[in-house]
A.B. asks: 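My structure is below; once you've seen it, I'll send some questions.
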Amino acid sequence: MKNYYEKEVLITSTYADRWCELGIFQGAILIQDAMTEFFHQYNCDAIQLSRTHQAVWAVARTKLLLDREIRWMDRVKLKVFPVKISSVAIHLNVLLESPEGLPLLRARQEMCAIDVTSHTLRRIETTSFPMELEPLPPVLTTPCLRMKLKLGEEYAAYSHRVRVMDTDMNRHMNNASYIRLIMDARPVAFWDTYQVREFDIQYVNEAVEGEDLQVYCRQEGLEMAVQIKRGETTLVKSILQLIPRDSQA
């Protein structure tokens, strides 16, 4: 059985930010689409899985590493494949390459299955995912960060009320919507100066429409830490490694 999914992608307006580049938020959308297409080829994307096995896929952690700029109207090769499969998680790698085979973006995602009724963790073998798939060697060997962020009020950036367009089919805030909030923690002038080189995010709890979220941000040198809370409950933790803009190879 085929143990990867690949296609060619044209970087159009859907995947380009205000600097005409594939930014972190747009990269997360692209990776989310690729993950969906990977599972769809086994008839177990979230929509199909919720209907047949009353489960959905949830992202626990994501790491992105931008090797080179990916710009407006670039054509890139995309590949998604498992690097580890266990009873509680599927570890995927995503690789974006230039037509010449140069790595542009590498990512890893840790996925788990959640019961749609009880919202509890499900063992992967209770879904229709093919456990016999042979993992491939990883293209990103650096592990996802385990973060212990506790940002206080002195780091408060802004508040956000969850709206309908923030949410997905599960009526929870979509994974990529949190990343938009993270990037909004700093103004345009900041992002005119810096780019993200490496990005880690850990999803801890879920938000739904109507809830008020607080975004906290701390910068120390070229490292930026963001924590999103609902009152005292942490929803998301993230660490961004920055580089001065135009310094990428």
Side-chain angles (χ1 to χ4, degrees), residues 1-49 56-59 61-83 90-111 129-130 133 135-142 144 165-166 168-169 174-180 182-183 191 195-201 203 238 240-241 243 245-246 248-249:
M1 181 181 291
K2 185 178 177 181
N3 60 351
Y4 62 90
Y5 174 80
E6 62 182 354
K7 68 175 182 178
E8 184 179 273
V9 178
L10 180 65
I11 304 301
T12 55
S13 58
T14 301
Y15 301 123
D17 62 15
R18 69 189 306 275
W19 294 274
C20 300
E21 302 164 353
L22 181 78
I24 290 299
F25 171 70
Q26 291 76 17
I29 293 288
L30 179 56
I31 289 170
Q32 187 166 268
D33 287 349
M35 174 195 70
T36 299
E37 293 167 50
F38 169 79
F39 284 116
H40 182 75
Q41 71 180 358
Y42 307 117
N43 299 312
C44 66
D45 61 69
I47 292 176
Q48 295 179 89
L49 196 64
V56 293
W57 299 112
V59 180
R61 295 179 178 87
T62 298
K63 175 187 276 294
L64 279 71
L65 178 64
L66 286 163
D67 294 289
R68 292 172 176 81
E69 288 183 354
I70 305 173
R71 301 192 62 82
W72 165 261
M73 297 307 287
D74 282 350
R75 290 190 180 274
V76 300
K77 297 185 293 182
L78 179 149
K79 186 174 183 179
V80 187
F81 51 92
V83 297
I90 300 169
H91 297 245
L92 299 176
N93 268 198
V94 182
L95 172 65
L96 270 63
E97 291 182 308
S98 71
E100 299 76 29
L102 289 174
L104 304 173
L105 181 150
R106 292 172 287 156
R108 60 185 303 155
Q109 283 199 312
E110 297 178 9
M111 312 289 303
F129 181 80
L133 282 187
L136 294 174
V139 294
L140 181 56
T141 56
T142 309
C144 295
M165 293 303 292
D166 292 321
D168 56 22
M169 60 171 283
N174 186 271
N175 295 330
S177 295
Y178 290 105
I179 298 175
R180 177 168 47 81
I182 290 169
M183 300 305 290
W191 296 117
Q195 291 171 292
V196 180
R197 166 68 172 171
E198 190 171 330
F199 175 82
D200 275 87
I201 185 168
Y203 299 95
S238 182
L240 298 80
Q241 304 297 334
I243 57 173
R245 186 164 286 279
D246 298 325
Q248 289 204 51

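Bear in mind the structure is a predicted one, so any value in this text is a computation, not a measurement.
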A.B. asks: Measure across Y4 and L136 and return the closest heavy-atom pair with its distance rounded to 0.1 Å.
C.D. replies: CB-CD1, 4.3 Å
A.B. asks: Identify whether NZ of Lys or CZ of Arg in R18 sits under 6.0 Å from the centre of the six-membered ring of W191 and within 45° of that ring's axis.
C.D. replies: no
A.B. asks: Closest heavy-atom contact between A28 and I179?
C.D. replies: CB-CD1, 3.4 Å
A.B. asks: For the CG atom of L65 and the CZ atom of R108, what is their distance to the nearest 0.5 Å?
C.D. replies: 11.5 Å
A.B. asks: Is there a side-chain contact between V196 and M183 (heavy atoms, below 4.5 Å)?
C.D. replies: yes
A.B. asks: What's the spacing between R180 CZ and D166 CG if we round to 0.5 Å?
C.D. replies: 5.0 Å
A.B. asks: Looking at K77 and E8, is there a salt bridge between them, counting it only when a charged N and a carboxylate O are closer than 4.0 Å?
C.D. replies: no
A.B. asks: Would you say the side chain of R245 lies within less than 4.5 Å of the side chain of W19, judging by non-hydrogen atoms?
C.D. replies: yes
A.B. asks: Flag the pair V76 / L105 as yes when at least one side-chain heavy-atom distance between them is below 4.5 Å, and no otherwise.
C.D. replies: no
A.B. asks: Please state whether the rings of F38 and F129 are parallel, tilted or perpendicular, taking 30° and 60° as the class boundaries.
C.D. replies: tilted
A.B. asks: Can you establish whether the number of heavy atoms outside M169 located under 6.0 Å from its atom CE is more than 12?
C.D. replies: yes
A.B. asks: Rounded to the nearest 0.5 Å, how far apart are CZ of R106 and CD of E198?
C.D. replies: 9.0 Å
A.B. asks: Which residue is it: I182, L66, D17, L240? I am looking for the one with a side chain to side chain contact (heavy atoms under 4.5 Å, CB included) to I24.
C.D. replies: L66
A.B. asks: Just wondering, do H40 and Y5 contact through their side chains at under 4.5 Å, heavy atoms?
C.D. replies: no
A.B. asks: Rounded to the nearest 0.5 Å, what separation is found between the CG atom of L78 and the NZ atom of K7?
C.D. replies: 6.5 Å
A.B. asks: Could you check if a side-chain atom of F39 sits within less than 4.5 angstrom of a side-chain atom of M111, using non-hydrogen atoms only?
C.D. replies: yes
A.B. asks: Mind running side-chain contact (heavy atoms from CB on, under 4.5 Å) on T62 and I31 for me, showing each step along the way?
C.D. replies: CA-CA 10 Å; T62 298; I31 289 170; 5.5 Å; no
A.B. asks: How close do L49 and C44 get, counting heavy atoms only, and between which atoms?
C.D. replies: CB-O, 4.0 Å
A.B. asks: So, for F199 and S238, which heavy atoms are closest and what is the spacing to 0.1 Å?
C.D. replies: CE1-OG, 3.3 Å
A.B. asks: Calculate, to the nearest 0.5 Å, the distance between atoms SG and CD1 belonging to C20 and I11 respectively.
C.D. replies: 12.5 Å
A.B. asks: Minimum heavy-atom separation for W72 and A16, please, with both atom names.
C.D. replies: CE3-CB, 4.2 Å
A.B. asks: Without swapping roles, check the side chain of Q195 against the backbone of D246 for a donor-acceptor pair under 3.5 Å.
C.D. replies: yes
A.B. asks: Of all heavy-atom pairs between N93 and V139, which one has the smallest distance, and what is that distance?
C.D. replies: OD1-N, 2.8 Å
A.B. asks: Residues two or more places apart in sequence or in another chain: which of them pass side chain to side chain contact (heavy atoms under 4.5 Å, CB included) with N175?
C.D. replies: Q32, V59, Y203
A.B. asks: Can you check whether Q109 reaches C144 side chain to side chain, under 4.5 Å on heavy atoms?
C.D. replies: no
A.B. asks: Side chains of L133 and M1, heavy atoms from C-beta outward: is any pair under 4.5 Å?
C.D. replies: yes
A.B. asks: Output all residues satisfying side chain to side chain contact (heavy atoms under 4.5 Å, CB included) with D33, sequence neighbours left out; order by chain, then residue number.
C.D. replies: Y15, I29, E37
A.B. asks: Would you compute the distance between atom CD1 of I70 and atom CG of L104 and round it to the nearest 0.5 angstrom?
C.D. replies: 4.5 Å
